[in-house]
Amino acid sequence: MEAQYDPKKVEDKIYRLWEESGFFNPDNLPDLKDGQKRTKPYCIIMPPPNANEALHLGHALMATLEDILIRYRRLRGDIALWLPGADHAGFETQVVFERKLEKQGKSRFQFDRETLYKMIWDYVEENKNVAQDQLKRLGASCDWSRSKFTLDPDIVKIVYQTFKKLYDDGLVYRGPRIINWCPKHQTGLSDLEVKYKDREDKLWYIKYPLVGELDKFIEVATTRPETMLGDSAVAVNPEDERYKNLVGKKVLLPLMNREITIVADEAVELKFGTGAVKVTPAHDATDFDIGQRHSLETISVIGQDDKMTAAAGADYAGLKVAEARKKIVEDLQSQGFLIKEEPYRHSVGVCYKCGRVIEPMVSEQWFVKIKPLAERAIEAVNKGEVKFISAKYEKIFQHWMGNIRDWNISRQIVWGIRIPVWYCIDKNCPSENYKKIKDNPALFKDKEDDCFGTVHHGEEGEPSVEHIIRRLNEGLTINESLKPFISVSGSLSNKPTCPDCNSNNVFQEKDTFDTWFSSGQWPFATLQTTKAGDFAKFYPTAVMETGWDILFFWVARMIMMGFYAAGKEPFKQVYLHGLIRDKDKQKMSKSKGNTVNPLAVVDENGADALRMALVFNAASDSDLPFSEDKVIAQKRFANKIWNAARFSISNLEDFDPQGFEPKFTAADEEILKELDATAKKITKDLDNFDFHEAAQSAYHFFWHSFCDKCIEDVKKRIKEPASEEDKKTAQFVLNKILLESLKLLHPFMPFITEEIYQQIPRHTKKALMVEEWPMG
RNA sequence: GCGCGCGUAGCUCAGCUGGUCAGAGCGUCUCGCUUACACCGAGAAGGCCCCUGGUUCGAGUCCAGGCGCGCGCACCA
């Protein structure tokens, strides 16, 4: 053995040894001592990294913590399965790809659906193995033979089945509802995908004249004057004495000269602005709700292209929102309706990816009726069926669950799982879908340039079904509510037939699922599609370990979907780790340039050092600052282990414990006792997810007890033995402590401990990774 | 607005159900190249555990209030 530990010479070799042993696959794990069988399944489903991205430090932390748990459980004799995967990460990936296109001066909208999908598929395929290789370099002991990709056909099928079940149970619906629209990405987003940013804005005070008393006005305040074109009421608080006598009266909407009513609604704050609100159900979430309560008309004046629609009136139609705002303020001013404007600071919703201001608008989307699912999840946590390791996150979870709103699961993007909904547009179908759309002017957009010649008109001067389908495939959006049907097995190449009329004149919903709708099903979808028997054996899984930042996005959805679709909780425990920050506690981000490539750290210091550094200071709940010092400290520790082992092994060559009865000294008794206590503590700490406590105990015992005291003591007794028996006893102790320490350290630092184990004379197992854990 | 959390050595943080809890790692200083390791060893300095009250025989540890900081959720136009 060399005087310095060189991870480069060890890590690849050891990982190969593990892979060749087959022990990553729980089916191949050896029996325990005395031929005892392993009985207890222990499963962790890995949060699948995005297929197109290299790992960052957060992934390294995830991999380290989960590998520690898995290796620990494997050593304890469980049937340990760590199931890896890769995530197509719908919107995330499409955004990354769009940026790539933008750099090349292109836009996603230049490509048709199939081409774009294929391009992203190829892009992802190119990078798909990167993350996997990197996880291996970190020492991840997952069962690669069970690895799944979120777009695997068998996974997609399960996602479809769940969707159908939700639909059949009335828990999923399509409807015009107010959604968060990102004008840049041209898709709706869920509430979670909207971030809020403070912004300096203006508040405009406008007067709306009362009908019949045109010299009287009601004053409203708004930050978005352009939406007034779509107003369908003015609302006041029912308790507001100032306006009580006005409720039910009509006002004349300036610029539009449309009569709208004054309604009373609880949602209006007495204190804010003038206490009277203009109500635009089509472009504001609160207003939408007010509109529902008072059966108000929904007038969409802003289109998905971020321009004013025809409903905004001839003066404004076609203007961009910002232009329209400017013109409207001017017009209000010149016509005497503008009272004043004042600076105003408030928070506005922005797209969490691009930061563009979200345009709330009414749109036909698919929603999950979430309350019933949420109630079961809340109950599960209350009853302890799912246990949060940290009380803090349990509170946050319950708070969110209790206030949850219906979940928009459709996205107007192509990268993802296409919603398995079909519409029959056969002329004779009882659904009458054809009738509902045949007069849609957008169908005839191409009439003028006549690119379809006569094809788009059938015999009676009506559009042919083929033409409609072609226009739809080109990206035409239909806003009519059509009658859908769901087909779990249908596909574009194998179109399903309409259940009402058996026709083949059907087209598929263009939207794809929110990625989290499918990843919410990941625990059971994976286990139902790996090996027969896996689901029965491993579900519910033991623990979900992931970052707190996806508590709502993912963990919450998995709990809800798990109960709903698989009948049981997806995992018994939830452990959420903190976010890695840089040494100044700043969030790591590419734009700040403070990211750390974990693989570069591994190259420099070894995987064990990185792992140990990540875990050593990691208090469970909070974010953790990362610095290279910490890694270097652990690199030194690795070297310490290496040298202690080097000393031990060179002094154990002539030692055979077989049949030897040691006669311990007081010092021997003490270190053995301490070993026991340390093993007990580490066991308890790992059972409680106190990784840092466990790591520090192992570190401290090895360095300051074993090295500083025990080895120094034993050294003398071996070099200058008082008696042959005492020398052998010293060797016995040395051998024992080294071996047990290696086991205790193995979950944290698997490479170096395995390498040393392999070099120990007469090691008994094929690998340290399947040794038996010292319980203390 | 509602909710969550944090303030302990220069830095990053541990201190679980109150009584060797005043700790660790890094950093700093002194002394040692001793035959496993200088990526080492021996030793040292450093803290009214944010403030103020309270509960208790006893409080970083529990309670209340205050100050400072961070975060999550949210339909104040």
**Study point:** Evaluation steps, side chain to side chain contact (heavy atoms under 4.5 Å, CB included), between A:Y208 and A:L253
**Key:** CA-CA 6 Å; A:Y208 286 12; A:L253 182 62; 3.6 Å; yes

Exercise for review: In sequence, state the C-alpha distance, the side-chain angles, and the governing distance for A:L579 and A:D549, and then conclude on side chain to side chain contact (heavy atoms under 4.5 Å, CB included).
Suggested key: CA-CA 8 Å; A:L579 264 42; A:D549 54 327; 3.6 Å; yes

Point to revise | A:Q398 vs A:E394, side-chain hydrogen bond (donor to acceptor under 3.5 Å, both in side chains): CA-CA, chis, key distance, verdict | key: CA-CA 6 Å; A:Q398 294 289 42; A:E394 177 171 331; 5.0 Å; no

Exercise for review: Tell me, with the steps shown, if A:K681 and A:E693 meet side chain to side chain contact (heavy atoms under 4.5 Å, CB included).
Suggested key: CA-CA 9 Å; A:K681 177 160 189 328; A:E693 285 281 335; 2.9 Å; yes

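B:rG15 atom C1' lies 10 Å from atom NZ of A:K681, rounded to whole Å. The nearest whole Å value for the distance from the CD1 atom in A:I632 to the P atom in B:rC40 is 12 Å. A straight line from CG of A:N605 to P of B:rC39 spans 14 Å, rounded to a whole angstrom. Rounded to whole Å, atom P of B:rA36 lies 14 Å from atom CG of A:N639. Put simply, CZ on A:F689 is 19 Å from C1' on B:rA14, counting in whole angstrom units. We find that NZ of A:K716 is positioned 14 Å from C1' of B:rU35, with the value rounded to whole Å. Rounded to whole angstrom, the span from the NZ atom of A:K635 across to the C1' atom of B:rC40 amounts to 15 Å. Rounded to a whole Å, the CD1 atom of A:I218 is 18 Å from the P atom of B:rA77.
Both distances falling under 3.5 Å, in either a Watson-Crick or a G-U wobble arrangement, place B:rU12 opposite B:rA24. Across all strands shown, B:rA38 has no partner, as no Watson-Crick or G-U wobble contact with both distances under 3.5 Å is found. In this structure B:rC49 sits in no base pair that meets the Watson-Crick or G-U test at under 3.5 Å. Using Watson-Crick or G-U wobble geometry with both donor-acceptor distances under 3.5 Å, B:rC76 finds no partner in any strand shown. Within the shown strands, B:rC6 is the pairing partner of B:rG68 under the Watson-Crick or G-U definition, both distances less than 3.5 Å. With a cut-off of 3.5 Å on both pairing distances, B:rG60 has no Watson-Crick or G-U wobble partner at all.
The same atom, P, is picked in B:rU34 and in B:rC29; the two are 22 Å apart, to the nearest Å. Taking atom C1' in both B:rA44 and B:rA9, one finds a spacing of 14 Å when rounded to whole Å. Taking the C1' atom of each, B:rU35 and B:rA22 are spaced 40 Å apart, rounded to whole Å. Spacing between B:rG7 and B:rC49 at atom P, rounded to whole Å, works out to 14 Å. Across the C1' atoms, B:rU55 and B:rG19 are found 16 Å apart, a figure rounded to whole Å. Separation of the P atoms belonging to B:rC21 and B:rC16 is 11 Å when rounded to the nearest angstrom. Rounded to whole Å, the P atom of B:rC71 lies 28 Å from the corresponding atom of B:rU52. When the C1' atom is used for both B:rG15 and B:rU20, the distance is 14 Å, rounded to whole Å.
Among the atoms of the strands shown, only primed sugar atoms or phosphate atoms (P, OP1, OP2) are found under 4.0 Å from some heavy atom of A:A633. The residue A:K271 sits apart from the nucleic acid: no heavy atom pair falls under 4.0 Å. Across all strands shown, A:I711 has heavy atoms under 4.0 Å from base atoms, whether or not it also approaches the sugar-phosphate. No contact: A:Q634 has no heavy atom under 4.0 Å from any strand. If you check every strand for non-hydrogen atoms under 4.0 Å, A:W703 touches sugar and phosphate atoms only. Residue contacts for A:D629: at a heavy-atom cut-off of 4.0 Å it reaches the sugar-phosphate backbone alone, with no base atom in range. Here A:F552 lies in heavy-atom contact (under 4.0 Å) with sugar-phosphate atoms only. Among the protein residues, A:H700 comes within range of no part of the nucleic acid, since none of its heavy atoms lies under 4.0 Å from any strand. Backbone-only contact: A:H704 has heavy atoms under 4.0 Å from sugar-phosphate atoms and none from a base. Among the atoms of the strands shown, none is found under 4.0 Å from any heavy atom of A:V279.
Positionally, the nearest nucleotide of RNA chain B for A:A3 lies more toward the 5' end than for the other of A:A3 and A:D708. Comparing A:Y5 and A:E269 along RNA chain B, the residue whose closest nucleotide (by nearest heavy atom) sits nearer the 5' end is A:Y5.
With distances taken from any side-chain atom of A:V277 to the nucleotides B:rG5, B:rC73, B:rA77, the minimum falls on B:rA77. The side chain of A:A285 lies closest to B:rC75 when the candidates are B:rC75, B:rC13, B:rA36. The listed nucleotides are B:rC2, B:rA74, B:rU12; the one nearest the side chain of A:H399 is B:rC2. Comparing atom distances between the A:A644 side chain and each of B:rA14, B:rC76, B:rA36 picks out B:rA36 as nearest. Across B:rC4, B:rC39, B:rA36, the shortest atom-to-atom separation from the side chain of A:K715 is found for B:rA36. The nucleotide whose nearest atom lies closest to any side-chain atom of A:R636 is, among B:rC39, B:rU12, B:rA74, B:rC39.
In this structure, A:R557 is not positioned above the aromatic face of A:F552 in the sense of NZ or CZ being under 6.0 Å from the six-membered ring centre and within 45° of the axis. Both tests pass for A:K340 against the ring of A:Y205: distance under 6.0 Å to the centre and angle within 45° of the axis.
B:rG54 has its base anti relative to the sugar, with a glycosidic angle deviating from 0 by more than 90°. Syn is the classification of B:rG46, since its glycosidic angle stays within 90° of 0.
Within 6.0 Å of CD on A:E712 lie more than 12 heavy atoms contributed by other residues, nucleotides or ligands.
Residue A:Y344 places at least one side-chain N or O closer than 4.0 Å to OP1 or OP2 of B:rA77. At B:rC39, none of the side-chain N or O atoms of A:K640 fall inside 4.0 Å of OP1 or OP2 (strictly under the cut-off). Residue A:R405 places at least one side-chain N or O under 4.0 Å from the OP1 or OP2 atom of B:rC75. Of the side-chain N and O atoms in A:K195, none sit less than 4.0 angstrom from OP1 or OP2 of B:rG72. Under 4.0 angstrom from either OP1 or OP2 of B:rA77 there lies at least one side-chain N or O belonging to A:H346. Taking 4.0 angstrom as the limit, A:Y196 places a side-chain polar atom (N or O) nearer than this to OP1 or OP2 of B:rC75.
When all heavy atoms of A:V277 and A:V220 are compared, the pair lying nearest together is C-CG1, 4.1 Å. Closest of all the heavy-atom pairs between A:A694 and A:F748 is CB-CZ, 3.7 Å.
A salt bridge links A:D654 with A:K727: the distance from a Lys NZ or Arg NE/NH1/NH2 to an Asp or Glu carboxylate oxygen falls below 4.0 Å.
Checked by distance alone, A:E712 brings a side-chain donor or acceptor within 3.5 Å of a matching partner on the base of B:rA36.
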